[in-house]
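We use all heavy atoms of the structure for the numbers below, so side chains are in, but hydrogens, waters and symmetry mates are not.
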Amino acid sequence: MTKLTRRTFNGLLGTAGLVSAFGISGCANGPAGPHVVVVGGGFGGATAAKYIRRRDPNMRVTLIESSKVFHTCPFSNAVLAGFKDMAYITKSYDRLASAHGVNVVNDTVVAIDPAKKTVTTKGGATFTYDRCIVSPGIDFKWGALPGYDQAASEIMPHAWKAGAQTALLRKQLEAMPDGGVFVISSPGNPYRCPPGPYERAGLVAWYFKQKKPKSKILILDSKDAFAKQKLFMEGWDKAYGEMIEWVPANKNGKVLKVDAKGMVVETDFDKHKASVANVIPPQQAGAIAFAAGLTDDSGFCPIDPVTFESTRQKGIHVIGDACIAGAMPKSGYSASSQGKVAAAAVIDLLNGRKPVAPSFINTCYSLIAPDYGISVAAVYEVADGKIAGVKGSGGVSPAGANYQFRKKEADFAEGWYASVSQDCWG
Amino acid sequence: MKGRLAIPTIALAATLAVPAIAQADTRISIMADACNGCHGTDAASPGSMPGFSNKKADAIKKALMEYKAGTKEATIMNRIVKAYSDADLAAMANYFAAKNAK
């Protein structure tokens, strides 16, 4: 009779899940616990994958992401302004695999079956999961703004997913003659990165001030107010004088229509001819959230605030920009913080334990110039079934602070970026 | 909790007794891990943000309490630290120190 060694035994069984049932988990063939499939490798998904493995090395984690590398939206405005390059905002998945034992798969998820607990990819692979975490980020509502479709975004870039769009907008800004008008169309709430359009205005102004000082920046807004508004306006005024003009919705700022070929952006009463136009369109959850039936009428995904499990599909958790997370803004730091909470909850649920009351942080820096930073921070908890800011804490940088304070926050912005990048992908 | 009613009483009692401590640890670890976004995983900051992976629990506690009291100069920690009770701050300091003592 042939004697089976542990190694050949595992090899013959072929299924790590079965191995653990025989009580020989923790062997050289890797973890043998439940399998979690994470869909999407941005701030949320990468963090969830890493933190599941950190918390419980017995868990098997597969991360499926359609891009080979990830370009972060944070600091993409610095790439537009020319003081950081594309390499700076490019993140690799190598360490999630090598240092954390995550099975990273480069493919696009096209379907999730909550009954069969399977995930199917464009490449034709099927993965079985015990729990699934979906972190697809945002997609654009093409056509919701008349005239603005995918073809128009090649002429008037959104640059609201970093990468090729960032490079395109940078090229246009570089080619723009001095004295040109750069128009930013800022969307209504909710959207990814609430202070992002305003950081963009300031950093492009920084670039214009040096290379094309007669140029103008016009922000046409679908809102009447925006994040860190007082601080942005104080900073713009100090650093760029009249260069930036902000037009709120109630002063005819809401863009209703664009003509990409004519480079015209239309509001109710005005037509603005742009030299370069950055149209940030209305948004919704990433495509897979719709395909998997995770969205509600808002276009985003309702979730249980403690576990991030979808209220629509059992066994599937949704984190990051795609989910409806109460008072938390749609930001990279929020997504990562939610990824950690979802990781712990998924481990607890798979081990038959009750998930604990979660705690979150969002910390967000914005730059007005490379040496002028402002911030907003908040700690969140679940109160009365909703994610809400902890009372008596959080808030924005002080108004009227001196140069040293703003410079310090700008330095911390870079430190924040180094840390959050390491915490998600490192 | 629906669907769990079939668990025998003895097994249920056992799972409730042990995780009481584990749950408290999990709560603090979740709370503390949220800090890693700014300070690096296990507070080993790779950049210009202050890290504290080489600090003892008492030193971390002292800094946190000073931020809370407003006696330590801060740009952002003063806004964040107010969200936590003194006991949770102390527990988080212990958590970070223990992680990095390993």
Only one of A:Tyr365, A:Phe412, A:Trp416 clears side chain to side chain contact (heavy atoms under 4.5 Å, CB included) with B:Ile76; which?
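The side chain to side chain contact (heavy atoms under 4.5 Å, CB included) with B:Ile76 is passed solely by A:Tyr365 among A:Tyr365, A:Phe412, A:Trp416.
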
Less than 4.5 Å to any heavy atom of chain A: does that hold for the side chain of B:Ala74, its backbone, both, or neither?
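Contact with chain A involves the backbone of B:Ala74 alone.
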
Is [X] in contact with chain B via its backbone, its side chain, both, or neither, using a 4.5 Å heavy-atom distance?
X	answer
A:Tyr380	neither
A:Ala357	backbone
A:Phe43	neither
A:Val420	both
A:Thr363	side chain

So which of A:Ala401, A:Pro355, A:Ser359, A:Cys424 has the largest heavy-atom pair count under 4.5 angstrom toward chain B?
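Going by pairs under 4.5 Å, I would pick A:Ser359.
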
Heavy-atom pairs under 4.5 Å with chain B - which of A:Gly426, A:Ser337, A:Gly394 has more of them than the others?
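Heavy-atom pair counts peak at A:Gly394.
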
Per-residue contacts, residues 52-62 of chain B versus chain A, heavy atoms under 4.5 Å
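Hits under 4.5 Å: none found.
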
I'd like to know if the side chain of A:Gln422 and the backbone of B:Ser45 have a donor-acceptor N/O pair within less than 3.5 Å.
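No.
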
Give every residue pair that meets the salt bridge (Lys or Arg N to Asp or Glu O under 4.0 Å) criterion with at least one member in residues 333-350 of chain A, sequence neighbours excluded.
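Pairs touching residues 333-350 of chain A that pass the test: A:Lys340-A:Asp423, A:Asp348-A:Arg353.
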
Roughly how far, to the nearest 0.5 Å, is the [atom2] atom of [Y] from the [atom1] atom of [X]?
X	Y	atom1	atom2	result
A:Tyr333	B:Cys38	OH	SG	4.0 Å
B:Thr41	A:Lys50	OG1	NZ	3.0 Å
A:Ile374	B:Thr75	CD1	OG1	13.0 Å

Is it true that A:Arg55 and B:Ser29 share a donor-acceptor pair across their side chains at a distance under 3.5 Å?
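Yes - a donor-acceptor pair under 3.5 Å links their side chains.
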
